[in-house]
2 protein chains.
Amino acid sequence: MTTAAPTSSSRELPHPTREEIRLESVLHALSDPMRLQVVRELAADGDELSCSHFDLPVTKSTTTHHFRVLRESGVIRQVYRGTAKMNGLRRDDLDDLFPGLLDSVLAAATRQAVRLGGS
Amino acid sequence: MTTAAPTSSSRELPHPTREEIRLESVLHALSDPMRLQVVRELAADGDELSCSHFDLPVTKSTTTHHFRVLRESGVIRQVYRGTAKMNGLRRDDLDDLFPGLLDSVLAAATRQAVRLGGS
DNA sequence: TCCATTGTACGAGAACTATCGTAGTTTGAC
DNA sequence: GTCAAACTACGATAGTTCTCGTACAATGGA
């Protein structure tokens, strides 16, 4: 027996392939404050985070909606792991398609957060 | 008397100050294909261009709408000059607020255009 | 003054978006 | 099997956005 079976799960979620990712959709996904916040946290953590890790000021169903927009635009990758749904930035794909874009958006978000007095 | 009166005109248009520009609004403004195209042309030309210079596949009133979104988000500056309305990128403001952001978006747009076989 | 050019304002319709609440599904633990 | 946790699906609503067409306004030249 193998020591560790890959911790994956049944349900599969539809993701765009790298080639299908469109800049306009990525920018649109990032243009919402809630979603930008999620992306910032994912980038800060560097690893996968469950949906429930985020404490967004909206209901669960709205949260689901925002994560779906991020996934369908190609910004994040989502996989089920047990009852949780783990979210990870698609850094490799985004950096390959649009070098420097994600980093400058994240830097801009941090700068603005500092400027507006906070975080 | 001065040799050259500044070529300006009567009507003034409302612009956000540099401090009022919000990253989310900028990203939203850039997330529309029509507006992204306008910004690319403005960046390529480097100077001010009149609205009528752009040959967008929409009516004039829709064009007005898109230019307004760009102006109100702080991406472009608009001034009247005679019957024309000149549009210029607010590079200085954007680069100061969000260093590298505009350039990486423009680079991403070019890359995508090439990738999708064109321009 | 008259006119062509350039762009605006307004009203309207279709489409999309963000949000919610409720009911349901999947999973893992007991 | 039962139950709680985590998340989804669906339907609804309010707001925003994109688009148009028509009518209007400002400018500069003939």
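Chain letters run A, B, ... following the sequence lines, proteins first, then strands; residues in each count from 1. Owing to the predicted nature of the structure, the values given are computational and were not obtained by experimental measurement.
Between the C1' atom of C:dT26 and the CZ atom of A:Arg81 lies a distance of 16 Å, rounded to the nearest Å. What separates OH of B:Tyr80 from P of C:dT5 is a distance of 19 Å, to the nearest Å. As a whole-Å value, the separation of B:Phe67 CZ from D:dC18 P is 14 Å. Spacing between atom NE2 of A:His28 and atom C1' of C:dA18 amounts to 10 Å, rounded to whole angstrom units. The distance between atom CG of A:Leu13 and atom C1' of D:dA9, rounded to the nearest whole Å, is 14 Å. Put simply, NE2 on B:His65 is 5 Å from C1' on D:dC18, counting in whole angstrom units. In this entry the distance linking CZ of A:Arg71 with P of D:dC7 reads 13 Å, nearest Å. Going from atom CE of A:Met34 over to atom P of C:dT17 covers 15 Å, rounded to whole Å.
Looking only at distances, no side-chain donor or acceptor of A:Arg111 sits under 3.5 Å from a matching main-chain atom of B:Phe98. With hydrogens and angles ignored, the 3.5 Å screen pairs no side-chain donor or acceptor of B:Glu48 with any backbone N or O of B:Met86. The backbone N or O of A:Arg71 sits nowhere less than 3.5 Å from a side-chain atom of A:Arg90 that would complete a donor-acceptor pair.
A:Val58 and A:Leu49 fall within the same hydrophobic cluster, where Ile, Leu, Val, Met, Phe, Trp and Tyr residues are linked whenever their side-chain heavy atoms come under 4.5 Å apart, directly or through other members. Grouping the Ile, Leu, Val, Met, Phe, Trp and Tyr side chains by contacts below 4.5 angstrom, directly or via other members, places B:Val38 apart from B:Val69.
In the region residues 48-60 of chain B, proximity to DNA chain D at under 4.0 angstrom, judged on heavy atoms, holds for B:Val58, B:Thr59.
A salt bridge links A:Arg91 with A:Asp103: the distance from a Lys NZ or Arg NE/NH1/NH2 to an Asp or Glu carboxylate oxygen falls below 4.0 Å.
Here the closest non-hydrogen pair linking B:Gln78 and B:His15 is N-NE2, 2.8 Å.
Between A:Thr62 and the phosphate of C:dA18, there is no side-chain N or O to OP1/OP2 separation shorter than 4.0 Å. Taking only side-chain nitrogens and oxygens, A:Arg35 comes nearer than 4.0 Å to OP1 or OP2 of C:dA18. Here B:His66 reaches the OP1 or OP2 of D:dT19: one of its side-chain N or O atoms lies under 4.0 Å away.
Across D:dC7, D:dT19, C:dG7, the shortest atom-to-atom separation from the side chain of A:Thr64 is found for D:dC7.
A donor N or O paired with an acceptor N or O is found under 3.5 Å between the base of D:dG21 and the side-chain atoms of B:Ser61.
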